[in-house]
**Student:** 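Please find one structure pasted underneath; my questions will follow.
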There are 2 protein chains.
Amino acid sequence: MFPMTQKESIRGLIARLARIDASESWSVDLNPAQRSALGYLRQANRFSRSPSHAAAYMGTTRGTATQTFKALIRKGYVSEERSLTDKRSISYDLTATGREVIAEQSVLELSLDRLSATQLGQIETGLRGALSHAIILNDQKPFGICRSCRHFEGRGAGGYCQLLSLALEPFEISQICHEQEPA
Amino acid sequence: MFPMTQKESIRGLIARLARIDASESWSVDLNPAQRSALGYLRQANRFSRSPSHAAAYMGTTRGTATQTFKALIRKGYVSEERSLTDKRSISYDLTATGREVIAEQSVLELSLDRLSATQLGQIETGLRGALSHAIILNDQKPFGICRSCRHFEGRGAGGYCQLLSLALEPFEISQICHEQEPA
DNA sequence: TGCAATAGTTTCGACTCGCTACTATCCATC
DNA sequence: GATGGATAGTAGCGAGTCGAAACTATTGCA
């Protein structure tokens, strides 16, 4: 009568999985927005850990991002550090307990456990592709990883950012950056 | 420094895609809950279109489901019909405008357009598998499609439900049912 | 020096959603 | 048949989210 297209099915699956995942966050005294803010901080490089950048990444407003970070401070999951060069800006970082909380395994991850490695790989590349298209359609910034940026230049184990004229530690080149532009 | 596992990446991807999709629903005067309620009604068979069943499917409470349906009535997207046999129960159904609204293509679907048919197939089966595990872990009902139920019996183009002792129209056997138990 | 842009914050209001309590109805059991 | 418990839907409350807009402080450009 009203057959669902494959794309509609996938849309529904994503919504349901996201809902299951979101409902679980509450059990660790984190709401979904707070959880994804923690996840963002874990991935973001040192130039991208501000409310503005988090807001751009999560598709929300700076005001909401501020609220979220303040709540995370109260709970002791992140620490705040004011910039020395620009007195307007603030940088947040995960605390040790913050890292523990974010590392806890979710029902969603347990469910993914039952899939094969190839299936996981297929899902990841597929969803990643879809997300990058969606981000373009939504006029959002890509926040890709440093290593695959046009301003990146490899140097031994680490690298160099031509935009910021800065040397990069090895671990930094696989973090995400608000300035990133695909090569 | 803190490498993400593949499962963590997928979790993040699902959350981000869901957020993009959810934020879009507002542009058609539907909130995410209302949108997924409409989506549920489109798939559900005639025995499963009540607030209770929708609540079980969506992982929310009956109270919230009622609110959602009442809002959809106000907006003219669903119609209400009281049952003749059980005076407690109500059945909702999509109106013509409700069907139009739900059929509109989303940014998420547009993004999926850029993937190949094989990729779409892989994503769908993968996510479907993950969801069915997650549902078991969460003690929710599967709401699978009629045709693949242990009470289903094929009869020509249509079928027969051994649980309800009822003949089923051809289009009904691919709808989802709250009584469904995988064969 | 002044003016616009930017970073973060605050406040307000609309809205969601879960919880609890309540009514009506059904049904199983004595 | 009565009756007690389960089940369907609903109403109202309250905590909390989130976005919009206004506001302050700082920066940097002209």
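Per chain, numbering begins at 1; letters A, B, ... match sequence-line order.
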**Student:** Would you please name every residue forming a salt bridge (Lys or Arg N to Asp or Glu O under 4.0 Å) with B:R49, sequence neighbours left out?
**Tutor:**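 Only B:D93 meet the salt bridge (Lys or Arg N to Asp or Glu O under 4.0 Å) criterion with B:R49.
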**Student:** Of all residues at least two apart in sequence or in a different chain, which pass the side chain to side chain donor-acceptor pair (under 3.5 Å) check with A:S27?
**Tutor:**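 Scan of A:S27 (side chain to side chain donor-acceptor pair (under 3.5 Å), adjacent residues dropped) gives none.
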**Student:** With sugar-phosphate meaning primed atoms plus P, OP1 and OP2, does A:R19 contact a base, only sugar-phosphate, or nothing at under 4.0 Å between heavy atoms?
**Tutor:**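 A:R19: backbone/sugar contact only, no base atoms under 4.0 Å.
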**Student:** Residues in ring-ring contact (aromatic ring centres under 6.0 Å, His included) with B:Y77, at least two apart?
**Tutor:**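 With neighbours one apart ignored, the set is empty.
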**Student:** Report the residues that fulfil side chain to side chain donor-acceptor pair (under 3.5 Å) with B:S48, sequence neighbours left out, ordered by chain and then residue number.
**Tutor:**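 Listed in chain order: B:N45.
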**Student:** Report yes or no: do B:E100 and B:T97 form a side-chain donor-acceptor pair below 3.5 Å?
**Tutor:**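 There is no such pair between these side chains.
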**Student:** Would you indicate what A:S83 reaches in the nucleic acid, counting non-hydrogen atoms under 4.0 angstrom: base, sugar-phosphate, or nothing?
**Tutor:**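 Nothing, no nucleic acid heavy atom in range.
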**Student:** Looking across every strand, which nucleic acid part, if any, lies under 4.0 Å from A:A33 by heavy atom: base, sugar-phosphate, or nothing?
**Tutor:**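 Here A:A33 touches the backbone only, sparing every base.
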**Student:** Please enumerate all residues that pass salt bridge (Lys or Arg N to Asp or Glu O under 4.0 Å) together with A:E80, with sequence neighbours excluded.
**Tutor:**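 A:E80 satisfies salt bridge (Lys or Arg N to Asp or Glu O under 4.0 Å) with A:K70 once adjacent residues are dropped.
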**Student:** Using a cut-off of under 3.5 Å, enumerate the N/O to N/O pairs linking the protein to nucleotides 6-12 of chain C.
**Tutor:**
| residue | atom | partner | partner atom | Å |
| --- | --- | --- | --- | --- |
| C:dT6 | O2 | A:R88 | NH1 | 2.6 |
| C:dA7 | N7 | A:R62 | NH1 | 3.3 |
| C:dG8 | OP1 | A:I90 | N | 3.3 |
| C:dG8 | OP1 | A:I90 | O | 3.3 |
| C:dG8 | OP2 | A:S52 | N | 3.2 |
| C:dG8 | OP2 | A:S52 | OG | 2.3 |
| C:dG8 | N7 | A:R62 | NH1 | 2.8 |
| C:dT9 | OP1 | A:K70 | NZ | 2.6 |
| C:dT9 | OP2 | A:T66 | OG1 | 3.4 |

**Student:** Quick one: how far along DNA chain D does chain A reach, first to last nucleotide 5' to 3', anything under 4.0 Å to a heavy atom?
**Tutor:**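 So the outermost contacting nucleotides come out as D:dT17 to D:dT27.
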**Student:** Using the salt bridge (Lys or Arg N to Asp or Glu O under 4.0 Å) criterion, which residues pair with B:E24? Sequence neighbours excluded.
**Tutor:**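 If we apply the salt bridge (Lys or Arg N to Asp or Glu O under 4.0 Å) test to B:E24, skipping adjacent residues, there are no hits.
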**Student:** Quick one: side chain to side chain donor-acceptor pair (under 3.5 Å) pairs with a partner in residues 127-144 of chain A, sequence neighbours left out?
**Tutor:**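 Only A:E124-A:R128 qualify under side chain to side chain donor-acceptor pair (under 3.5 Å).
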**Student:** Under 4.0 Å between any heavy atoms, over every strand shown, what does A:T68 touch: base, sugar-phosphate, or nothing? Just pick one.
**Tutor:**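 Since no nucleic acid heavy atom lies under 4.0 Å of A:T68, the category is nothing.
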